[in-house]
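First up is the structure itself, then whatever we jot down about it.
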Amino acid sequence: MLEMRMFREAADVIRSDHDRRGISHDLIDEVIALDKQWKDLRYKVDQIRRQRNDAAREIAAAKKAGDTQEVEKILSQVANLGAQIEELGTTADETEKNRDRIRMKIPNILHESVPIGDDENENTSHSMHGKIPEFKFEPKVHNDLIEENKWVDLGRAAKIAGSRFYYLKGDLARLELALQQFSVEFLVNRGYTLVQPPVMMNRDAYEGVTDLSDFETVMYDIQPDGYYAIATSEHPLTAMFMDEVIEPSLLPIKMVGVSPCFRREVGAHGLSDKGIWRVHQFTKVEQIVICKPEESWNHHEDLLQNCIDLWDELELYYRVVNICTGDMGTVAAKKYDLEAWLPGVQNFKEVVSCSNCTDYQANRLRMRYRTSDGNSSVHTLNSTAVATSRALVAIMEQYQEEDGRVRIPKKLLRWFNEQTHLEKTNW
RNA sequence: GCUGACGUCGCAUAGCCUGGUAUUGCGCUGGAUUUGAAAUCCAGUGUCCCUUGGACUCGGGAGUUCGAAUCUCUCCGUCAGCGCCA
C-alpha cells in the first residue's frame with residue numbers, strides 16, 4: 001500500500017507509474033476524493049469532540065466547587081453532542097475504510113529499470129548461466145522420468161487428496177531433502193538466520209503481504225478457525241514484525257525460511273503443468289530481507305547474486321530475466337526471475353522469483369524503524385532460493401541419462417553415501 | 001477443553017479498588033557543560049488533522065456516563081495449574 005502522503009503531495013508520481021503500466025488513473029482520483037471527504041468529516045468531528053471535552057472539564061471544575069446549578073446548565077447544553085459525534089464519526093470511519101480499500105488495490109511504484117511491456121513475452125534478458133546440457137539421445141520430459149522410475153505417485157495422491165497432489169518416493173524424495181539442506185546451509189553461511197514459520201496465518205496479517213485477489217485464487221481458507229494456509233514462507237516471515245517499531249540496530253534482518261507452500265492454483269491448466277511442475281503443495285527455501293529504505297536496492301542485487309551462486313553450484317543451465325511492467329504484480333517494485341532450461345520441453349521455465357517490495361508491504365503491516373526524525377517504514381524483500389519441486393524437475397531433465405537414470409549433482413552427493421545416480425523405486 | 005492471573009507509549013513501570021483525560025525510569029534525539037568522552041543538567045521522544053491549535057491513543061470491539069486506562073459485557077492473546085495428546 002502506498003503512503004497517503006504520496007497521494008496528497010506527489011500524485012503525479014503515481015499517475016506516471018500507472019501510465020507505464022498502461023492502466024487508468026480512476027482509482028487514484030477516487031482515493032484523493034475520498035481522502036478530502038474524510039478530512040472534512042474528521043475536522044468536524046474533532047471540533048464537536050473539543051466542545052464535549054471542554055464541557056467535561058467545566059463540569060469537573062463546577063463539581064469541585066460544589067456548584068450543582070452550573071453542572072446542570074452545562075449538561076443541558078451538551079446533551080446532543082454525543083449523538084452528533086456518533087453519527088459523523090461513523091460516516092468518517094466508513095469514508096476512511098473505503099479510501100483504504102481502494103488504496104489497497106493500487107500497485108507499488110515501479111523502479112525505473114523495470115522494462116515496459118505487456119506480458120511475460122516482453123520480459124528482458126538479464127544474463128545466462130551454466131552450460132547447456134547436450135544429449136546423444138532424445139531427452140525426456142520429467143513426467144516420463146518420474147513415472148518410469150516410480151519416483152512420484154500422482155494417482156494415489158489424487159485418490160486421497162485430489163489432483164495436483166503427489167507422493168514423492170525413494171531417491172527423488174531423498175534428493176528433495178538434500179536440496180533443502182544444501183540451500184539452507186548455503187544461506188546460513190552467508191549470514192542468514194534459519195526460521196521455520198507457522199504455515200497458517202490470520203486474515204489481518206495476510207492482507208499485509210499479498211494482493212487481495214489472491215484470497216480467491218491462491219490461498220486455502222481454513223475454517224472454522226479463519227486461517228489461511230501460507231502460499232510461501234515469504235508471507236509469515238515478512239509479516240513477523242507487523243505492528244512493531246524495529247530497533248535500527250537490528251537491521252538488516254536476513255532470514256532463510258523453509259516451509260511447505262500451499263496454492264489452490266485456480267484456473268491453472270495446460271500440458272506444461274503436468275507432473276510435479278505446478279502442484280498444490282511444495283517445499284520452498286526462501287530468502288527474506290527487512291532493511292532500511294536506502295539499502296534495499298543493494299540487497300535486491302545481493303539476493304539475486306545468492307540465487308545465481310546457489311544455482312551455479314547445482315551446475316544447472318538457466319537464465320535471469322528482468323520482469324516487465326505488464327508481468328509485474330501489485331506488490332513488487334522490481335522483480336527478477338530465474339528460468340531453468342528444461343531440455344524435455346526445450347524451453348526456459350520459472351524456478352525463482354526475486355522481488356524488492358520497497359515499503360509496500362511494510363506500510364500495510366505498520367512495520368517501522370526508529371530514525372532521528374520520527375518512525376519510518378522499512379523495506380521488505382524476498383527471493384526464492386529453491387522451490388524443491390521445480391528444482392527437482394530441472395535436475396531430472398538436465399541430469400538425465402539415456403537409460404532413464406538421473407545423475408546426482410556434485411554438491412548433493414554428500415547426502416547419498418556411495419551413490420552417483422538416483423535409483424529407481426521398486427513400487 | 002476447564003480454572004485462575006495478567007495485557008498501559010520502543011522496553012520496563014505507576015495509575016484501576018474510589019471515573020475527571022497516562023506517572024516514573026531506561027533507551028533514543030537535540031541542546032548546555034567538556035580538549036574529547038563519561039557523568040550531570042535541560043528539552044523532546046505513540047497516531048492523525050485544516051499545526052499559535054485540536055482530536056485520538058492504555059490488547060480488539062461494544063456498552064454505561066457529560067466524561068472511561070479506571071465500571072460492565074464480549075472477543076483475542078500471554079502465563080500458571082489441571083485434562084487430553086505427537
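The figures that follow rest on heavy atoms only: side chains count, while hydrogens, waters and symmetry mates do not. Order of the sequence lines sets the chain letters (A, B, ...), proteins ahead of strands, with each chain counted from 1. Since the structure is predicted, the reported quantities are computational estimates derived from the model, not experimental observations.
- Spacing between atom CG of A/Asn363 and atom P of B/U47 amounts to 14 Å, rounded to whole angstrom units.
- Here, B/G4 and B/C85 have their P atoms 24 Å apart, quoted to the whole Å.
- Across B/C76 and B/C28, the matching C1' atoms stand 32 Å from one another, rounded to whole Å.
- For the P atom pair drawn from B/G67 and B/G1, the interatomic distance equals 37 Å after rounding to whole Å.
- Remark: P of B/C56 and CD of A/Gln47 are 11 Å apart, rounded to the nearest angstrom.
- Between A/Asn375 and B/U45, a side-chain N or O to OP1/OP2 separation shorter than 4.0 Å is absent.
- Screening A/Asp359, A/Thr380, A/Val245 for a side-chain contact (heavy atoms from CB on, under 4.5 Å) with A/Met367, the sole residue that qualifies is A/Thr380.
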Between protein and nucleotides 75-79 of chain B, what N or O pairs are separated by less than 3.5 Å?
none

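- With A/His280 contributing its side chain and A/Arg263 its backbone, the two residues share a donor-acceptor pair below 3.5 Å.
- For the pair A/Arg203 and A/Phe215, the cation-pi criterion (under 6.0 Å, within 45° of the ring axis) is fulfilled.
- Distance CZ (A/Arg57) to P (B/C66): 18 Å, rounded to an integer number of Å.
- Stacking annotation: A/Tyr43 is stacked on the base of B/C50 (ring centroids less than 5.5 angstrom apart, interplanar angle below 30 degrees).
- Proximity of a side-chain donor or acceptor of A/Gln400 to a complementary backbone N or O of A/Glu397 within less than 3.5 Å is detected.
- Looking at heavy-atom distances under 4.0 Å, A/Arg49 makes contact with sugar-phosphate atoms alone, never a base.
- Inspection of the A/Glu3 and A/Ser377 side chains reveals no N or O donor paired with an N or O acceptor under 3.5 Å.
- Spacing of C1' atoms, B/C50 relative to B/C6, comes out at 42 Å, to the nearest Å.
- Distances shorter than 4.0 Å separate none of the side-chain N or O atoms of A/Asn53 from OP1 or OP2 on B/G20.
- When each of A/Val245 and A/Arg8 is assigned the nucleotide of RNA chain B bearing its nearest heavy atom, the one mapping closer to the 5' terminus is A/Val245.
- Considering only the side chain of A/Ile59, B/G20 comes nearest among B/G20, B/C49, B/A55.
- The residue A/Asp40 sits close to a base: some heavy atom pair falls under 4.0 Å.
- No side-chain N or O of A/Ser383 forms a donor-acceptor pair with one of A/Asn306 less than 3.5 Å apart.
- Nucleotides B/C58 and B/U70, compared at atom P, are 8 Å apart to the nearest Å.
- A/Trp415 and A/Arg174 get closest at one heavy-atom pair: O-NH2, 3.6 Å.
- Across the protein-nucleic acid pair, A/Arg366 atom CZ and B/C9 atom P stand 16 Å apart, rounded to whole Å.
- Spacing between B/C9 and B/A69 at atom C1', rounded to whole Å, works out to 13 Å.
- For the pair A/Leu41 and A/Gln51, both in contact range of RNA chain B, the more 5′-proximal nearest nucleotide belongs to A/Leu41.
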Pairing string, 5' to 3', for RNA chain B - Watson-Crick or wobble contacts under 3.5 Å, brackets [ ] where pairs cross, | to another strand: ((((((((.[[[..)....(...]]]((((((.......))))))((((...))))..[[[[[..)....]]]]])))))))....
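- When the P atom is compared between B/C16 and B/A86, the two are found 48 Å apart, to the nearest whole Å.
- On the P atoms, B/A5 is 15 Å away from B/U74, given to the nearest whole Å.
- The nearest whole Å value for the distance from the CD atom in A/Glu9 to the P atom in B/C50 is 10 Å.
- Between B/C50 and A/Lys39, a contact under 4.0 Å exists linking OP1 or OP2 to a side-chain N or O.
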Should A/His300 and A/Tyr336 be marked as a side-chain hydrogen bond (donor to acceptor under 3.5 Å, both in side chains) after you check the CA-CA gap, both sets of side-chain angles, and the distance that decides it? CA-CA 9 Å; A/His300 190 222; A/Tyr336 294 117; 4.9 Å; no
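- There is no side-chain donor-acceptor pair under 3.5 Å between A/Asn143 and A/Glu147.
- One N or O on the side chain of A/Asn149 and one on the backbone of A/Gly404 form a donor-acceptor pair closer than 3.5 Å.
- Counted by atom type alone, A/Arg190 and A/Gln287 present zero donor-acceptor pairs between their side chains at under 3.5 Å.
- Between the base of B/C50 and the side chain of A/Arg42 there is no donor-acceptor pair shorter than 3.5 Å.
- Between A/Asp46 atom CG and B/G53 atom P there is a gap of 16 Å when expressed in whole angstrom units.
- The distance from atom CE of A/Met4 to atom P of B/C49 is 9 Å, rounded to the nearest whole Å.
- Nearest nucleotide to the A/Arg368 side chain, out of B/A55, B/U47, B/G67: B/U47.
- Between the CD atom of A/Glu86 and the P atom of B/G63 there is a distance of 6 Å, given to the nearest Å.
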